[in-house]
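As the structure lists them, so they are numbered: ligands from 1, and atoms in each ligand from 1. Just so we're clear, the structure is a prediction, and the values are computed from it rather than from any experiment. Position 1 is the first residue of the sequence; numbering continues from there.
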Amino acid sequence: MLTPSIEGNMSNTFTDQLIDESKIASAVDYLCSGNLVAFPTETVYGLGADASNEKALQKLYAVKGRPAAHPVIVHLFSAEQMQDWAVELSDYAKRLAQHFWPGPLTLIVKKSAHVSPLVTGGQPTIGLRVPGHPIALALLKAFAGGIAAPSANTYGRVSSTCAQHVREEFADQVSLIIDGGSCPVGIESTIVDTTALIPRILRPGIISEKEILECLGLDGLPIHDHIAKADEGYIRVPGSDKTHYAPRTPMLLLNKNLIESTLDRAQSGVSFAILVLSKLDLDGNTKAKTLVRKTIQASQDPKLYAHDLYSNLRHLDSSKATTILVESVPQSGEWRAVSDRLNRAASRS
Ligand code: TXA
Ligand code: MG
C-alpha cells in the first residue's frame, strides 16, 4: 500500500492503491441492509450509514452517542448527485464543488424535501461532500446513493485517522471497517455554508479561507468572522461546540515557557504527556524527567502536524499521564485549522 502524500491533488494521491472489490461489495450489502460501515476518507475515517434509511441513521446516532439535533454530512460520488439532495444551489456553491471536489470540503446547501430530518438535525440545510479518497469513491460509486458519515469516533472525542482507531472506538458495533491505511489529511473537512449571499466558513480545514476566496474571486472579504458566529450557536455545528476532538486526559495548551515552568513547579502525584513543536530539553532537570511519561515532537509544517495530530493525541492519551501539555501553535492562517482543533480539545480542562 502506498504511503499517502498530502501534497497536490487528493484524488491522485492513491492511484496505485488496490481497491478490494469484494470488500466494497460486502460494504454495499451491509449499507443496503441498514448496517454501519466505517471507511477511510482523505480527511478522517467516516462511520457510514445509508442516508435514505431512517433506521440506519438511528443506529448511527446511537453508536456514535451523538445528540439527535446534530446534523451529519452526506457523502456523494459526484457533484451531479447534489441535485438529488439539494435545491436552489447558488452559483458559487457549484463553483466551489467543481473546483474542490473530490476533496476535503463540505458544502452546506438547502435540502431537498425528501431528506430525513435525522440527516439534517431538523434544519432546512444539508452538508454534502464528495471525498477525495479512492476507497471512499469506490464505495460511493458502488452504493450509488448518499452515505451519511460523521467522523468515526464517539461523540466529542478524537477523530480516527486509521482503522485501528476505529476499532478502539467501536469494537464490534460496526459491521465492517474498510482499512485504507492512514488518512492523508488527518483533520476534518473545511465546512462552508453556501446558503447566504456570501460564503461562511463554519469549520476551518486544510482548504483555507484564502483558497476559497481566490476560487470565487472574493479575495480580501473577511468571511472568517462567521466562524465566531457559529461558535455562538448561530448555526448548529457540533465541531463548534467548545469542547470537541478531546482526549480523555485533561489537556492544557501552553507556550513553551509555560510548559517548562509547569514542569518545574509540579507537585508529586502528577505526570505529563507532552506534544511540542521544538525539542524540549529536559537534560539536567531530573525532577521533570521523572514526571514526563511521554514526549512527542511534532512537525513544524502545519500540514504534517495536522496529519499526525489525532494519532499523537491518542498516543499521549494512552500514556496514562494525569495531564497532557500541548505547545500552542503559531497564529498564522496556515495553522488556523490545527489551532481550532487544539483549542477545542483543550477546552475541557
Ligand atoms: O472530513 C469530514 O468532514 C469527515 C469525513 C468523515 O467526511 N466528517 C466529519 O463529520 O467530520 P462530523 O459529523 O464529525 O462533522 C460534520 C460537521 C458537524 O460539525 C456538523 O454539525 C456539520 O458538519 N454539519 C453537517 N450538516 C450540517 C448542516 N446542515 N448545517 C450546519 N452544519 C452541518
Ligand atoms: Mg466529528
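The number of heavy atoms from other shown groups lying within 6.0 Å of NZ (Lys287) is above 12.
Heavy-atom proximity to Ile126, at under 4.0 Å, picks out these atoms of ligand 1: 29 (N). Within ligand 1, the atoms closer than 4.0 Å to a non-hydrogen atom of Glu188 are 1 (O), 2 (C), 11 (O), numbered from 1 in the order shown. Ligand 1 places these atoms under 4.0 Å from at least one heavy atom of Arg203: 2 (C), 3 (O), 9 (C), 11 (O), 15 (O), 16 (C), 17 (C). Less than 4.0 angstrom separates some heavy atom of Pro71 from each of these atoms of ligand 1: 20 (C), 21 (O), 24 (N), 25 (C), 26 (N), 27 (C), 28 (C), 33 (C). Within ligand 1, counting atoms from 1 as listed, the ones closer than 4.0 Å to a heavy atom of Pro150 are 10 (O), 12 (P), 13 (O).
At a heavy-atom distance under 4.0 Å, no atom of His133 approaches ligand 1. Only side-chain heavy atoms of His75 come within less than 4.0 Å of ligand 1; its backbone N, CA, C and O stay farther off.
For the side-chain contact (heavy atoms from CB on, under 4.5 Å) test with Ile24, the passing option among Asp29, Val37, Leu139 is Leu139; the others fail. Leu128 pairs in a side-chain contact (heavy atoms from CB on, under 4.5 Å) with only one of the listed residues (Lys111, Met82, Gln81), which is Met82.
The shell of residues lying under 4.0 angstrom from ligand 1, judged by heavy atoms, includes Arg129. Heavy-atom separations between Val44 and ligand 1 include at least one value shorter than 4.0 Å. Contact analysis leaves Lys111 out of contact with ligand 1, as no non-hydrogen atom separation drops below 4.0 angstrom.
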Checklist entry - Going through the checks in order, is the side-chain hydrogen bond (donor to acceptor under 3.5 Å, both in side chains) test met by Ser299 and Asp301? => result CA-CA 5 Å; Ser299 173; Asp301 174 323; 5.3 Å; no

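Arg167 and Gln164 share a side-chain donor-acceptor pair at under 3.5 Å. Side-chain N/O atoms of Ser159 and Glu188 include a donor and acceptor closer than 3.5 Å.
Of the candidates Ile191, Val74, Asn153, Ile108, it is Ile191 that places a heavy atom closest to atom 23 (O) of ligand 1. The option from Gly205, Pro40, Ser189 that lies nearest to atom 2 (C) of ligand 1, judged by heavy atoms, is Ser189.
An N or O contact shorter than 3.5 Å links Thr125 to ligand 1 by distance. Considering backbone and side-chain atoms together, Thr43 places an N or O closer than 3.5 Å to an N or O of ligand 1. Not a single N or O atom of Thr41, backbone or side chain, sits closer than 3.5 Å to an N or O atom of ligand 1. Ligand 1 has an N or O atom lying under 3.5 Å from an N or O atom of Ser151, backbone or side chain.
Ile73 and Val44 are assigned to two separate hydrophobic clusters, defined by single-linkage of ILVMFWY side chains at heavy-atom distances under 4.5 Å.
Looking at Arg129 and Glu42, a side-chain N of the basic residue comes within less than 4.0 Å of a carboxylate O on the acidic one, giving a salt bridge. We find that Asp340 and Arg336 are not joined by a salt bridge, their nearest charged nitrogen and carboxylate oxygen being 4.0 Å or further apart.
By the 4.5 Å heavy-atom criterion applied to side chains, His165 and Ser311 are counted as neighbours. Within the 4.5 Å cutoff, no side-chain heavy atoms of Asn153 are placed close to those of Val158.
For the Mg ion (ligand 2), the N/O/S atoms of Ser151 include one lying under 2.8 Å.
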